[in-house]
Amino acid sequence: MDTILEIEELEMSYQTIKGFVSAVDNVSFKIMKGESMGLVGESGCGKTSLGMCIMKLLPENARIMNGKILFDGEDIVPKTEEEMRKIRWKGVSMIFQAAMNALNPVYRVGDQIIEAIQTHDNISKEEAREKVEKLYELVGLSPERMKNYPHEYSGGMRQRAIIAMALACDPKFIIADEPTTALDVIVQDQIIDEIVNLQKKLNMTMMYISHDISVIAETCNKIGVMYAGNIVEYTYTSTLFDNPLHPYTKALMSSFPSIEGPKKELKPVPGEPPNLLNPPEGCRFYPRCSYAEEICKKENPEFVEIEKDHFLACHKVI
Amino acid sequence: MIMRHDLITILKVKKMRVKKLSTGLTLLIVFAMLFSTFGCISEKEETPAPTTAAPTTAAPTTAAPTTAAPKVYEGLILPSGEKMAPMEILTLTPGADPTLNQEAVFIAEWWKKIGIDVEAKAMEKGALVQKIYWDRDFDATLWYIGGERFPLYLQYYYCEDEIYQYGWNFMQYRNPEYDSLSSEWLSIFDLDKAQERAFELQEMLAEDNPQIPLISDTKLTAYNNKKWEGWINQYGGVAGFDSMCTIDPVGGDTDNDILKIGLLKEPDTLNPLGTGFTETWTIINKIYCGGMWNPPTALYRYAPVSGELIPFLAEGDIEYDDATNTAIVKLKKGIKWHDGTELTAKDIKFTVDLMKEFEVPNYQDSVGFIDKVETIDDYTLKYYLTNKTVNFYHKTMMMIILQERKWSQIAEGARRKVDPTEYLTQCQITTPMGAGPFKFVEWKRGSYILLEKNPDWFFKDQTLPMGNDKLKYDLKVDKILFKFYASSETRILALKNGDIDICTIPAADIADFEADPDMTILEWGNDWLDFIGFNCTKPPFNDPAFRKALHYLIDKEFLVDKLQQGYAIAQYSVIPAINTFWCNPDCPTYGMGMSMEERIQKAIEILKGAGYTWESES
Amino acid sequence: MSMERYILSRVIQIIIIFFIVMSIIFLLFRVIPSDPTSFLLTPSMTAEAKEAIREQFGLNEPIITQYYLYFKNFFHGNFGNSFYGGRSVMNIIKERMLNSIFLVTTAVILSYIIGITVGKAIAWKRGSKTEKFFVGLGLWFYTMFTPWLGILFLWIFAFKLHLFPLGGMITSEVWIANPSLIEKICDLIHHLILPLITYVVLWFGGYMLLMRNSMLETLREDYIITARAKGLKEKDIRDKHAARNALLPIVTAFAISISFSITGAVLIETVFSWPGIGRTIVEATLRQDYPLVQGAFAIITIVVLIANFIADIAYAYLDPRISY
């Protein structure tokens, strides 16, 4: 199996008036072709930042301090904006959250997708339109809707259109950033089904970012659990659910209801995530960890493969 | 005014939704516009502090320590025993007339010294006129008078007949003796006798002080001495009728010598019946014969400099018959209208009849006393007057002359209108037909008016005596281009740049022009004067002693030297001194040469004598 | 609501507003304690003549009759005649308005284009020295005193360097010599340049800052990230996605500024002796030429209302989210 994306010791910080905020810290993982990786964590843990790092769509005050992002074997960190421009959408595309203003309100939705295709593929507008029509059918939208403006779509339709847009250039890798957040549960379900279907149909390689581990469990075959800029556990979904090792993973799993499986009592993760401007020494989770020991306060645990394809960063388990 | 606010508004509202915007903002904008326009008006209401040194420092406070400290007079009490109420000196806004405004401020300061609670109050012209002429609701006001070579206003400004609501005698000066002397004056045709009577009248006014003459400013005109020479500095200004007909181009006469004059005000109309503006007459008195202001040149005119009444279109003197109150006037032969037809007695009769029929407001003083006019032949007119009046000489003989051919059609149209007079006075004359030295060519509104020489002018190459010289009306000016400028600053730059040949300049620029070898400056006395008029019906202003005391307190030399930097003449008669024939040079010169301390002493003395007291005294 | 119904309701609104505004104008000029005929009096007038003049101008009528006549005449397209010279107000306004439109519209459009282009560019390069320079420059010019800059320009470019004429709209000497149409146009343009530059220098800053602010806000929007993620070219992101949305508030500003600039031109028109409507209004107001002032304000009110109306329609066209 080919590696599509390999991230090595990635470190990204935001420069603020108070100092550097380390949003992504020492993150390493791989995604193989056809795999779908879920990235789960609380808000502010750095999962979206990580996604943006991969597209190199970072705000001005963000800086990749260290590490490599190998996409298709090439490190994109040193690439210029113009080089990146060619990789974007064609190489890596993104499914944005529909609740946000991801679609430009003043252009027709269809035109916005055509625009993406024409930027990357040298085809006529008519051909591009036909392609978009097919994409619309693929995501379950009527092609007639192409001529409508974003505000004329419902939330679910908009999300489907955004999915169609992400698929427009047949990207090698898709990042879905909370695509179902803010949709009502039924629509959310439909969209998730749609993504799962497409993934199977198109053999998409993707990274699915969500704070909802249950959603990720449905859509991804691998899960990375992120906490305060670190990935603390990364393994196959089934492994993770069978045998969650990191205390945070465990806490997270019990804080969300499972769509399938038996009902159980929900327990919120106690405490607050750390302030990344001044993260605690040692393991970043120790202040909230019920298993914390002396060493956790002093040393940040390394992210190691404790068994095949199961990576973990925790002193206690090792 | 608006420019600053508007974009701020725009910045503020940029996030607003459109629907609210259009409704709210339309109103807002219109209000902003209205407010700013009216804002200008009300802003000026406050009179600014004098810019020059305050008159208080003029004498007493800085006097040597040996002199006793000046006595302070406070709270003037009238002979009736009442304390004098606070008074206002009404004046124009600094924007409308800076000189008048400043004069009021100084005068208020001086009058305060004898314990009068007085303030200068600036108003817009319309509001001021309303107050003094309409409502007669004022104590004292700054105003101006003059502009006429023969000062007819010596009668109508002070006579009882003009006390009615809109009448000219806004001071409501009542003096039966003056009335009879002045109306009699209007029927004295003998110049020397008339002069004598005018002097007498002026003395009466100076004694009674219904108004206090102040100063006349000296106008400055600069001209480009590389273009034209031979300007005549005479009554009414440098760039007058006589100059235009007699100046010579520097460096030889050509066929296309254009005289360029810069004006700040564009004329309102070319209809000579519809305008009383001096600026307009500056232009149209070159086209028509006769009219108003800028000493008109019609059947008769005033001689250059001397001001004597001499025939112009007329031939010889007026034959006036005292017994029948008729006059025979003879017209020169061969006077041509600009279209080549001859100007005859018929045209003149037509004009008088027209004025009478339509009661044209601006010419009522020219025809009001004329019963009828007959044409004895094409060159002889016989006027039948209802009463003997000098107006016949100074108004009727200088009245505009209209071409019967052109104006009979206009009159015909006017007769069919609801308001014939309105139509006649307001109709637009696009091609004025005159018999003057210049023909109308073109009026490009907002930019210029072009006149060209009338080669067939009846007076071309003839002469008039001027002092010991002769003035030859040789019409070297081939074209006159009146150019309109919106600001004095631009006009001055245009003069220096050679875009125009002559214009009035402010005194502040005099050094700049003196340094320029291409420029020559001419000073000429304004034939208008500023005065203070009192409300002679309101105590204590009805008391001549009180008015005299106030006259003593006005330091006219100070106004001339300090306020006008010497470019003015102190006036002691109601007729400006520049009008040498009619101005009485022997009018009492209240307080001339006195220090302020002496002036105060004098005023106090007069007031005490008249029974006035002060709160500070008792 | 459909577009047609919206337009209809707006038209009705406009008519109502117009009535209100015109009534206010009518009243404002009549509550001033001042008589307009005071400017027309000459010593030659007898008491009857003075009375006749008041009558002629309808000033002797009761105010309610004047008000009725005012609207009645207005609907006959008759603004009356100026108190000064008796010219038809409509003619005066037509002539002056054309002159103003010639100068002001050119100036507004030019400063708008320059302001928007520069504003767009500096917002894109936010934080750079170029941005700081232009913001400073814009503010400096924007706060500058109009007549001062006008006179300075006249002095330098017209008086010292003789590059342009000293104000006015045409060179009289050229026009009296029967010029050809091309010469006339060249002469007009020659006169237009200096006031135009002054105008643009003073005004582009406002638009520039407005555009910059609007643009900076737009750049924070999510669809800009989408556009970048799609790998669009910088220029397309800036012009198609950012500027297009940033323009929305500016469109309204443009409509408003068109109407403001008519009166805002007063100072420029005075400095450059430009025979426009701004100067006419000031002059007419100061000498209480009621018919002219009323006519001019009526026209400006109409222009303002129409400009806003057009802005609304344009806004609806530019922003598909607006539905009526």
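The structure presented is a predicted model; accordingly, all values stated were derived computationally and were not measured. Atoms considered below: every heavy atom in the structure, side chains included; atoms not considered: hydrogens, waters and symmetry mates.
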>> Looking only at heavy atoms and a cut-off of under 4.5 Å, which of A/V106, A/T119, A/V92 has the most pairs with chain C?
In response: A/V106

> When the ring planes of C/W203 and C/Y207 are compared, do they come out parallel, tilted or perpendicular, using 30° and 60° as the limits?
Replying inline: tilted

> Given side chains that start at C-beta, do those of C/T226 and A/N104 come closer than 4.5 Å, heavy atoms only?
Replying inline: no

>> To check you understand the geometry: which heavy-atom pair defines the closest contact between A/I76 and A/I54, and what is its length?
In response: CD1-O, 3.1 Å

>> Quick check for you: among A/K90, A/M52, A/E81, A/E82, which has the greatest number of heavy-atom pairs under 4.5 Å with chain C?
In response: A/E81

> Checking A/I175 against chain C: side chain, backbone, both or neither under 4.5 Å from a heavy atom?
Replying inline: neither

> Checking heavy atoms, do the side chain of A/Q118, its backbone, both or neither come under 4.5 Å from chain C?
Replying inline: neither

> Can a cation-pi geometry be assigned to A/R145 and A/Y153, taking NZ or CZ under 6.0 Å from the six-membered ring centre and within 45° of the ring axis?
Replying inline: yes

> Between A/E60 and chain C, which part of the residue has a heavy atom less than 4.5 Å away: side chain, backbone, both or neither?
Replying inline: side chain

> For A/M84, is it the side chain, the backbone, both or neither that has a heavy atom under 4.5 Å from a heavy atom of chain C?
Replying inline: neither

> Between A/K33 and A/D72, is a salt bridge (Lys or Arg N to Asp or Glu O under 4.0 Å) present by the stated rule, with each step listed?
Replying inline: CA-CA 10 Å; A/K33 191 169 176 7; A/D72 237 2; over 6 Å; no

>> Return the CE to CZ distance between C/M215 and C/R220, rounded to the nearest 0.5 Å.
In response: 12.5 Å

> Can you find a pair of side-chain heavy atoms, one from A/I87 and one from A/F71, that are under 4.5 Å apart?
Replying inline: yes

> If you round to the nearest 0.5 Å, how far is OG1 of C/T117 from OH of C/Y112?
Replying inline: 10.5 Å

> If contact means a heavy atom pair closer than 4.5 Å, which residues of residues 229-247 of chain C contact chain A?
Replying inline: C/A229, C/K230, C/G231, C/L232, C/K233, C/E234, C/K240, C/H241, C/R244, C/N245

> When rounded to the nearest 0.5 angstrom, what distance separates NZ in A/K56 from CD in A/E83?
Replying inline: 8.5 Å

> What residue in A/H120, A/M94, A/K86 has the most heavy-atom pairs under 4.5 Å with chain C?
Replying inline: A/H120

